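A short write-up of the structure that comes next.
In this text, all values refer to a predicted model and were calculated from it rather than measured experimentally. Heavy atoms only: backbone and side chains are in, while hydrogens, waters and symmetry mates are out.
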Amino acid sequence: MQKARMGVLLIATNRFYHLGEDTPKGSYHQRKMREVHEYMEALEDFCDPIGLGRPAYTREDLAEALSLFQREKADCIFAAFLSWTEDFLWVRFLRDVGSVPVLYALRVRESIDFADTADESDFTEFLSAGGLVGTLEGSGSVGRFKPEMFETAVGTLPQLMERAKVFCAAAAMRSRLRQSVFGLLASYNEVMWSTYVDPYTLFQKAGPELRFLSVVTLVQEVEKVPAKQVEQACKTLSERYTVLPDVYQEKFKASVRASIALENTGRSAGVDMVVLNDVDPVLLTEVGLRPGFIPTPAGGDIPVVPEGDIGGGLAVYILRELTGKPVSFIEPFHMDLPNNCFAGGHAGPNDYTDPAGSVMIARDVRFAKTSYKHAGAPFAWYLLPPGRKTLLHISQKDGGFKMVCALVDALPAKHFITSYSHGLFRPVGQDMPSFFHKLINEGVTQHYAVADGEHITELEALAGLMGFSFVRL
C-alpha cells in the first residue's frame, strides 16, 4: 500500500536569521535547519513527508511550498511555528491552502537548554524556543478564517508524531475515498429500505463514485471463465480447506466460476468495491446461485459485500484500507445472556481469508431446496477468529453520513450456524441489553464491518475530516 503523503510547512522568521552565527550552536537559521531535519526524519517513519527541506521565511517560500504540496498531491499538511515570526506568511497560508486537512502543531521541548540570556548563544536559543509565541499568534487568525478539516496538537516531538500518524492515516483514507469507485450489482435490496443511500450524497459527502452493474454483464462474464481456471481455483480451495462430504463438485465449480466472474465484472467496470444484492431474484434466476468464494484464490483485489448495502460496503472498504487485513460483514443475530455475548455473521459473500479463522467448504443450505439452477451450491463457511475487533457501522444521516463503532471481543467457538459466516462476540465493557439499546437509539441498520484490532482512533479522525457524525459505544 502506498504511503500517505504529508506536506510539511515549518515557519520561521528572517529577523533572527543571522543571530548567533559565531556561537558553538550556530546561527538561528542553522538551529532551525536542525529542527527541520528532526521533523522530516520523524515523519518518515509513517509517511512520505513533502517539504522545502528548510524553514519557510518568505512569501516566495510559501508559494513554493503550496505549489509543491499540490504537485505532489499531499493528503494533508503538518504546519508548525519554529519560533515567533511575523504572521504575514501564516495568514496567506490559511487563505490560499484550499480544501486540504491541516494539523497545526506546537512542539513542547522536553528541556530548556539555557539558564539565562546573558550571552548571544543563550539569547538565540531563547528566541529559537519561542514556538509557543508563534503558535498563539497564529491561532488568532485560525479563529478568524475558521478553516475546515483543521486540527491542533500540542506535545513533545514523539507525542506530535503519534498524533500526526493518526491524522495522516485518516487524511490518506479521505484521499482514497475521493478517488474510489463502487459498483452496485444490480440494485438496492428492496426489503431493507433503511440501508438505502443516495448516490449523489455518497459522491458529495463520502467520495466514491457509484456505477451500476447489471446481471446481464455478470452472466456474460460467467460464460467467459475458462474451465481450467475454475479447476485450478477449486483445487487450491480444496487443498486449503476441508470440503464437507455433501458438496457436489459441479455445484462447487459453478460457485467458483461465478465468483471469478464477479471479480472480473468489477475489474472490467473499473470499480474498487462491489456491493452485491445477492438475494435479488433476477440474479438468483439467471446465475443460479450467489457467488460463494470471494475473494477467489487468484483474486482478492475487489472486495464484495452482500445485500446491496452501500453503507455497509463503505464500512468494509474503509476498514480494509486502514488495516490492510480481511474485513468481515456481519449482522447481530441474537443475544446469549448467560454467556454475555451475541452471535453474529452473514450469508452471501464474505472475506474468509484471515489465516487465523476457520473455513470449511459447505453447502448453502438456505437455498438448497429452491428451484434455482445451482441450489445448494457451496460457499466458504467461515468462522471468525477470536481476538479484539473493531465493529463499524455507516449509514446515511441528515444529508450526510454517520459512523457508529465499538470494540468487541470475538470469542473461541466452533461452526454452529449453517449457511452463514459467523462468530460469537462480546462488547468490551458493556452488557448485551445496554449495548444494543444504545445501538437502537442511534438509529442504525443491522449491518456492520468487523476488523481485527483496535482502530477507533483512526475512525474518529476520519469522521472528523469527512464531516461524518461519530459515536463510540
Side-chain angles (χ1 to χ4, degrees), residues 177 180-189 192 195 197 202 208-215 217-219 221-222 225 233 237 254-280 282-284 286-321 323-331 345-354 357 359 361 364 367 374 377-382 384 392 394 419-422 447-451:
L177 285 169
S180 65
V181 180
F182 285 14
L184 177 63
L185 201 165
S187 62
Y188 296 128
N189 189 343
M192 298 176 186
T195 65
V197 167
L202 178 73
E209 173 189 342
L210 185 62
R211 295 179 184 169
F212 295 89
L213 312 180
S214 73
V215 174
T217 302
L218 176 59
V219 170
E221 289 290 345
V222 168
V225 178
L237 289 165
S255 184
V256 169
R257 183 185 297 276
S259 301
I260 294 171
L262 182 56
E263 288 185 335
N264 289 342
T265 299
R267 291 190 198 99
S268 297
V271 304
D272 303 292
M273 151 78 71
V274 172
V275 179
L276 177 70
N277 184 356
D278 61 315
V279 292
D280 174 38
V282 177
L283 173 77
L284 293 170
E286 296 299 321
V287 179
L289 52 74
R290 50 187 179 189
F293 297 95
I294 305 284
T296 63
D301 52 322
I302 299 178
V304 178
V305 297
E307 291 196 343
D309 184 354
I310 291 173
L314 186 60
V316 167
Y317 184 78
I318 287 171
L319 280 178
R320 187 176 187 265
E321 290 293 306
T323 66
K325 299 177 181 179
V327 178
S328 295
F329 182 98
I330 73 161
E331 59 188 26
H346 214 281
N350 228 322
D351 193 330
Y352 57 93
T353 58
D354 187 337
V359 180
I361 297 175
D364 189 343
F367 284 104
H374 302 296
F379 73 110
W381 189 26
Y382 176 60
L384 277 74
L392 173 63
I394 298 179
S419 299
Y420 293 81
S421 294
H422 61 284
H447 291 155
Y448 302 84
V450 178

All heavy atoms of Asp272 vs all of Ser180, minimum pair found to be OD2-CA, 3.2 Å
Closest non-hydrogen contact found for Pro291 with Leu262 is CG-CD2, 4.1 Å
d(Ile318 CD1, Met273 CE) to nearest 0.5 Å is 9.5 Å
Would you check if the side chain of Ser268 reaches a backbone N or O of Thr265 as a donor-acceptor pair within less than 3.5 Å?
no
Note: Arg267 and Asn264 closest approach over all heavy atoms is NH1-OD1, 2.7 Å
Exactly one of Asp280, Ile310, Asn277, Val275 clears side-chain contact (heavy atoms from CB on, under 4.5 Å) with Tyr188, and that residue is Ile310
dist Asp309:CG -> Glu331:CD (nearest 0.5 Å) comes out at 10.0 Å
State whether the side chain of Arg320 and the backbone N or O of Pro326 hold a donor-acceptor pair below 3.5 Å, judged by distance alone.
no
To the nearest 0.5 Å, atom CG of Asp351 lies from atom CD1 of Ile294 at 10.0 Å
Quiz item: Are any non-hydrogen side-chain atoms of Ile394 and Leu392 less than 4.5 angstrom apart?
Solution: yes
Margin query: Just by distance, no angles: are the side chains of Thr217 and Ser214 close enough, under 3.5 Å, to form a donor-acceptor pair?
Written below: yes
CZ (Phe379) and OG (Ser255) are apart, to the nearest 0.5 Å, by 9.5 Å
### Query
Do Ser328 and Tyr382 have side-chain heavy atoms sitting under 4.5 Å apart?
yes
*Apply side chain to side chain contact (heavy atoms under 4.5 Å, CB included) to Ser421 and Tyr352, showing your working.*
CA-CA 8 Å; Ser421 294; Tyr352 57 93; 5.7 Å; no
Nearest heavy-atom approach of Thr323 to Ala451 is CG2-CB, 4.4 Å
Is any side-chain heavy atom of Leu276 closer than 4.5 Å to a side-chain heavy atom of Pro306? no
Between Val305 and Val274, is any pair of side-chain heavy atoms under 4.5 Å apart?
no
Looking only at heavy atoms, the pair that brings Ser259 and Gly292 closest together is OG-N, 3.3 Å
So CD of Glu307 and CZ of Phe329: to nearest 0.5 Å the spacing works out to 6.0 Å
4.5 Å side-chain heavy-atom contact, Leu184 and Leu213:
no
Check this for me: does any side-chain nitrogen of one of Lys325 and Asp354 sit under 4.0 Å from a carboxylate oxygen of the other? no
Please assess Phe182 against Leu314 for the test side chain to side chain contact (heavy atoms under 4.5 Å, CB included), listing each intermediate value before the final yes or no.
CA-CA 9 Å; Phe182 285 14; Leu314 186 60; 4.1 Å; yes
Margin query: With a 4.5 Å cut-off on side-chain heavy atoms, are Ile361 and Leu237 touching?
Written below: yes
**OP:** Report yes if some heavy atom in the side chain of Pro303 is under 4.5 Å from a heavy atom in the side chain of Val327; otherwise report no.
**Re:** no
In terms of heavy-atom contacts, Leu284 and Arg290 come closest through CD2-N, 4.1 Å
In this structure, CD of Glu263 is separated from CD1 of Ile302 (nearest 0.5 Å) by 6.5 Å
Q. Between Val279 and Asn189, does a side chain to side chain contact (heavy atoms under 4.5 Å, CB included) hold up when you go through it step by step?
A. CA-CA 8 Å; Val279 292; Asn189 189 343; 3.5 Å; yes
Do the non-hydrogen side-chain atoms of Asp301 and Pro295 ever get within less than 4.5 Å of each other? no
**Request:** Assign the ring pair Trp381 / His422 to parallel, tilted or perpendicular, where the plane angle (0 to 90°) is split at 30° and 60°.
**Result:** tilted
